[in-house]
S.K.: 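Have a look at the structure that comes next, please.
Every chain is numbered from 1 and lettered A, B, ... according to where its sequence line falls, protein lines coming before strand lines.
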Number of protein chains: 2
Amino acid sequence: MFPLDEYKVRMNHTKQKMMEYGIEVLLVSNPSNMYYLTGYNAWSFYVHQILVVMIDEEQPIWIGREMDAHSAKVTTWLDENHIIPYPDEFVQSSIKHPMDFVANILIEIGQGSRKIGLEMDSFYFTAMCYERITTQLPDAEFRNYNTLVNWVRLIKSDLEVEYMRRAARILENAMTAAYETADVGVRENDVAAAITAAQIRGTAEYGGDYTSIVPMIPTSENTASPHLTWTDRRYVEGDYLTIEIAGAYKRYHTPMSRTMAIGHAPDKVTELSKVVQEGIETTLDAIQPGMTAEEVEAIWSRTIAKRGYYKESRLGYSIGLSYPPDWGEHTVSFRKGDKTILQPNMTFHLMPGIWLDNYGVEITESILITENGCETFADFPKPLYVKEANSSKTKQPF
Amino acid sequence: MFPLDEYKVRMNHTKQKMMEYGIEVLLVSNPSNMYYLTGYNAWSFYVHQILVVMIDEEQPIWIGREMDAHSAKVTTWLDENHIIPYPDEFVQSSIKHPMDFVANILIEIGQGSRKIGLEMDSFYFTAMCYERITTQLPDAEFRNYNTLVNWVRLIKSDLEVEYMRRAARILENAMTAAYETADVGVRENDVAAAITAAQIRGTAEYGGDYTSIVPMIPTSENTASPHLTWTDRRYVEGDYLTIEIAGAYKRYHTPMSRTMAIGHAPDKVTELSKVVQEGIETTLDAIQPGMTAEEVEAIWSRTIAKRGYYKESRLGYSIGLSYPPDWGEHTVSFRKGDKTILQPNMTFHLMPGIWLDNYGVEITESILITENGCETFADFPKPLYVKEANSSKTKQPF
């Protein structure tokens, strides 16, 4: 999927960090990191699978379920003898565990008593994985290097940026689909269906991929709950909704949120959306490479403070490729204490949502840090969108 | 969402098992189990959240991220003082961890030195969660009760069965969308878009929910890899594909697979599909309450063995409600050694896929065990479907 040279660079950067930290073997379970280093791409992460990166071996070893080994052959740059399947009896068994198998392989290939880095807080590396691997390898020395590969992913290659630009074209189509579909009498799920179809259809030139998070489109009072998805309730005049979605191209994501009202917007929503819009525009104008992540948050906080608002949660986070359940990279956060220095080709979801007791507003952007400032991936109007009621009644699927 | 009485029954069954196993506190991190016991339903499981079930308390306690506490108020039957938010600084921090917060709460409410059950191999209960909670509660006694609630979920209530029947209506619409869309010149992603839109649109009477797994629709040689999703390649005459999808209604799933050919099917695919079809029909006819799970698998294995075939992987698994990344319940598997006795209102995905070196066939069903045998949730023809090429060219979106 990427040129072999790009994978080699990624492997080298990973090994450099392993060397710095004194790790000889890194066990990668995060599907995003596995994809980043090898290209492995299948919906098989609901069973345990591990990538073994060894400091002194050119190719890592993929260990996964037997029926998925074929996916590894099809999607990765690894030689076939670097793909090791475990039998199906290890799947969701109360007796056998895939990490027992992994431990045995590590012993067989002479890696059983080394300094081993683990992604301790990675989804899919469960407590049981940890217990089994540490018990089975008593001579190894284990350490937590949870986001080692995540940090390697922080600065994107030009090809990765191009993938994210493509994701942004898809995102624009999906947000347009939301705007066109939501109306009085239409069901929330029909808007979600229109968004999802647009996400996967993509553009005429290239198809879309599934996004790591489904559309989150809470309505009216429920906009206070950013992570609600949808119901089959029909919209009524005066409803307002936050729409948080992404475009995805070959697992690369550009998320974005907008706030929309049907028929008319309550004054409180109009007012809050102006505050959020002023906040994001001021912040976007100010972002420069060389700034720290916490400085970005401070600009936003000062801007909304002038209007009497305060946001407890972080202002954004690093993005790029991802698998469910999250599209964040789990590295940089725009919040107090994060002193990461922004550099060109870093990419973030700038996430200025304000959620009050019984309503909220989100107007967010995926951004690319450039040599001179930043640019938004998507080109989509920011203001609160108020749609004339019943303007597209013919679009109702039922 | 469910009547309060149903939640009380679920809580009672859970506490009964806790009593049997000598656990006083159960920490539930599996989003499906959390939903089952409380109704909690939001896409927030990408940050840590925990349900604390106490043997001597009527209501459990939900602990999660501050911005998600509102979702807990909206979607659960819990009193507001049983919903405890943790501040945003605990989110994806390299210093603070949500389990530190959880441990402190447990101490505060006098549960810090009890016998605590953990879902050790549950997605989202990471190695780090385990390390932090056990370190912070040195006086507690920890034990693994990974699938305790999953086993409580095994026999469905009539209302749960009704939800699954609705999911099956949605599934039929989604599979129809796949059959109608796939054709020569159409892109794989456009078929995935049609499936997904149909899944979420649901029916005229009720909307669909997101499925825990996206459509898996590998083509031709790639049908040997069951968990590949899609690309934007255009189908050519003679392509064949396996389509594994589900319908979902309020998080309850009915999965199903079918195999389809475009223009014509290669002889090997036609032959293999007859074997699989004979295998599933024979098995469906034979299933009776009182049988064991391994006996079901044995019928299938004997049937296909007569034709010279062998399937390494399990024949199916228990299903019901679920969250990404899996729609299985992680309890019963149809495979050798599983001596679970089938009872009415158990529900399974009977999954007879055969994957050979460079192709595969899947014809599967979601089933309900009844008083006299079993019934399939969906009503959809089983034979290999061969579609005349270009029969629906007008359906191409581009």
S.K.: Ignoring hydrogens and angles, tell me if any N or O in the side chain of B/Thr229 forms a donor-acceptor pair with the backbone of B/Met216 under 3.5 Å.
M.R.: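 Here the side-chain-to-backbone pair does not exist.
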S.K.: Thinking salt bridges, do A/Glu80 and A/Lys73 make one under a 4.0 Å N-O criterion?
M.R.: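 Looking at A/Glu80 and A/Lys73, the cut-off is met.
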S.K.: What option among B/Ala127, B/Ala193, B/Gly207 has the most heavy-atom pairs under 4.5 Å with chain A?
M.R.: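 Most pairs with chain A among the choices: B/Ala127.
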S.K.: What part of B/Asp338 is in contact with chain A, defined as an atom under 4.5 angstrom from a non-hydrogen atom: side chain, backbone, both or neither?
M.R.: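 No part of B/Asp338 comes within 4.5 Å of chain A.
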S.K.: Fit a plane to each ring of A/Trp327 and A/His253, take the angle between them on a 0 to 90° scale, and name the class: parallel (under 30°), tilted (30 to 60°) or perpendicular (over 60°).
M.R.: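 The arrangement is tilted - the two ring planes meet at 30° to 60°.
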S.K.: At a heavy-atom separation under 4.5 Å, does B/Asn146 approach chain A through its side chain, its backbone, both, or neither?
M.R.: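 For B/Asn146, there is no contact with chain A at all, as no heavy atom is under 4.5 Å.
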S.K.: Under 4.5 Å heavy-atom distance to chain B, tell me which part of A/Glu89 shows up: side chain, backbone, both or neither.
M.R.: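 Looking at A/Glu89, just its backbone touches chain B.
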S.K.: Given a strict heavy-atom distance threshold of 4.5 Å, which part of B/Gln199 is in contact with chain A: side chain, backbone, both, or neither?
M.R.: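 For B/Gln199, neither part sits under 4.5 Å from chain A.
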S.K.: Decide whether a cation-pi geometry holds between A/Arg187 and A/Tyr235; the criteria are a distance under 6.0 Å from NZ or CZ to the six-membered ring centre and an angle within 45° of the ring axis.
M.R.: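 No; the conditions do not both hold, so A/Arg187 does not lie above the ring face of A/Tyr235.
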S.K.: If you count heavy-atom pairs under 4.5 Å with chain B, which of A/Ile213, A/Thr196, A/Asp232, A/Leu118 comes out on top?
M.R.: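 The candidate making the most pairs under 4.5 Å is A/Ile213.
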S.K.: Can you name the residues that form a salt bridge (Lys or Arg N to Asp or Glu O under 4.0 Å) with B/Asp88, not counting sequence neighbours?
M.R.: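 B/Asp88: salt bridge (Lys or Arg N to Asp or Glu O under 4.0 Å) contacts with B/Arg65.
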S.K.: What part of A/Ser212 lies closer than 4.5 angstrom to a heavy atom of chain B: side chain, backbone, both or neither?
M.R.: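 Contact with chain B is through the backbone of A/Ser212 alone.
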S.K.: Is A/Val91 in contact with chain B via its backbone, its side chain, both, or neither, using a 4.5 Å heavy-atom distance?
M.R.: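 Contact with chain B involves both backbone and side-chain atoms of A/Val91.
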S.K.: Between chain B and each of A/Ala192, A/Pro324, A/Ala197, count heavy-atom pairs under 4.5 Å; write down the option with the most.
M.R.: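 Ranked by heavy-atom pairs under 4.5 Å with chain B, first place is A/Ala197.
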S.K.: Below 4.5 Å, heavy-atom pairs only: which of A/Gly328, A/Ser333, A/Gly208, A/Cys129 has the largest tally toward chain B?
M.R.: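 Heavy-atom pairs under 4.5 Å are most numerous for A/Gly208.
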S.K.: So which bits of residues 217-227 of chain A come within less than 4.5 Å of chain B, counting non-hydrogen atoms only?
M.R.: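 Against chain B, the residues of residues 217-227 of chain A that fall inside the cut-off (heavy atoms, under 4.5 Å) are A/Glu221, A/Asn222, A/Ala224, A/Ser225, A/Pro226, A/His227.
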S.K.: Under 4.0 Å between a side-chain nitrogen and a carboxylate oxygen: does that hold for B/Arg132 and B/Asp100?
M.R.: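 Between B/Asp100 and B/Arg132 there is a salt bridge, with a charged N closer than 4.0 Å to a carboxylate O.
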S.K.: Answer with side chain, backbone, both or neither: which region of A/Val214 has an atom nearer than 4.5 Å to a non-hydrogen atom of chain B?
M.R.: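 A/Val214 touches chain B through backbone and side-chain heavy atoms alike.
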S.K.: Sort A/Ser29 into side chain, backbone, both or neither according to what part of it lies under 4.5 angstrom from a heavy atom of chain B.
M.R.: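 No part of A/Ser29 comes within 4.5 Å of chain B.
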S.K.: Taking side chain as everything from C-beta outward and backbone as N, CA, C, O, which of these in A/Pro87 sits under 4.5 Å from a heavy atom of chain B? Side chain, backbone, both or neither.
M.R.: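 Both parts, backbone and side chain.
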S.K.: Only counting residues at least two apart or in another chain, list the ones meeting ring pair (Phe, Tyr, Trp, His ring centres under 6.0 Å) with B/Tyr130.
M.R.: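 With sequence neighbours excluded, B/Tyr130 shows a ring pair (Phe, Tyr, Trp, His ring centres under 6.0 Å) to no residue whatsoever.
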S.K.: Not counting sequence neighbours, list each pair that qualifies as a salt bridge (Lys or Arg N to Asp or Glu O under 4.0 Å) and has a residue in residues 206-217 of chain B.
M.R.: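 Residue pairs passing salt bridge (Lys or Arg N to Asp or Glu O under 4.0 Å), neighbours aside: B/Asp209-B/Arg251.
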S.K.: Under a 4.5 Å heavy-atom cut-off, does chain B meet the side chain of A/Glu244, its backbone, both or neither?
M.R.: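 Neither part, no heavy atoms under 4.5 Å.
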S.K.: Among A/Pro325, A/Ala194, A/Ala72, A/Ala42, which residue has the highest count of heavy-atom pairs closer than 4.5 Å to chain B?
M.R.: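 Maximum pair count with chain B is reached by A/Pro325.
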S.K.: Answer yes or no: is there a donor N or O on one side and an acceptor on the other, between the side chain of B/Glu297 and the main chain of B/Phe334, under 3.5 Å?
M.R.: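 Between the backbone of B/Phe334 and the side chain of B/Glu297 there is no qualifying donor-acceptor contact (under 3.5 Å).
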S.K.: Less than 4.5 Å to any heavy atom of chain B: does that hold for the side chain of A/Trp43, its backbone, both, or neither?
M.R.: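 Both backbone and side chain.
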S.K.: Who among A/Ile95, A/Thr126, A/Val191 has the most heavy-atom pairs with chain B under 4.5 Å?
M.R.: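 Of the candidates given, the most pairs with chain B belong to A/Thr126.
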S.K.: If you define the side chain from C-beta out and look only at heavy atoms, does anything of B/Asp326 sit under 4.5 Å from A/Gln92?
M.R.: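 The answer is yes; the side chains approach within 4.5 Å.
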S.K.: Using the rule given for side chain to side chain contact (heavy atoms under 4.5 Å, CB included), can you reason through A/Asp68 versus A/Tyr40, listing the C-alpha separation, both sets of side-chain angles and the distance that settles it, and then say yes or no?
M.R.: CA-CA 10 Å; A/Asp68 296 315; A/Tyr40 184 80; 3.6 Å; yes
S.K.: Let me know if A/Arg335 has heavy atoms under 4.5 Å from chain B in its side chain, its backbone, both or neither.
M.R.: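 It is the side chain, since no backbone atom gets that close.
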S.K.: For A/Lys311 versus A/Arg314, what's the shortest heavy-atom pair and its separation?
M.R.: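 Closest heavy-atom pair between A/Lys311 and A/Arg314: CE-O, 3.2 Å.
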S.K.: Does the A/Ser32 side chain pair with the main chain of A/Tyr323, one donor and one acceptor, at a distance under 3.5 Å?
M.R.: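 Yes; judged by distance alone, with no hydrogens or angles, the pair exists.
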S.K.: B/Glu329 versus chain A, heavy atoms under 4.5 Å apart: side chain, backbone, both or neither?
M.R.: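 Neither part.
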S.K.: Quick check: does any side chain N or O of B/Glu294 sit under 3.5 Å from a backbone N or O of B/Gly337, one acting as donor and the other as acceptor?
M.R.: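 Here the side-chain-to-backbone pair exists.
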S.K.: Do B/Met120 and B/Phe142 come within less than 4.5 Å of each other through their side chains, counting heavy atoms only?
M.R.: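 They are not in side-chain contact.
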S.K.: Check the angle between the aromatic planes of A/Phe123 and A/His330 and answer parallel, tilted or perpendicular using the 30° and 60° thresholds.
M.R.: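 Aromatic pair A/Phe123/A/His330 classed perpendicular.
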S.K.: Checking A/Ser71 against chain B: side chain, backbone, both or neither under 4.5 Å from a heavy atom?
M.R.: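 A/Ser71 touches chain B through backbone and side-chain heavy atoms alike.
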S.K.: What part of B/Ser93 gets closer than 4.5 Å to chain A, counting heavy atoms only: side chain, backbone, both or neither?
M.R.: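 Contact with chain A: backbone and side chain both.
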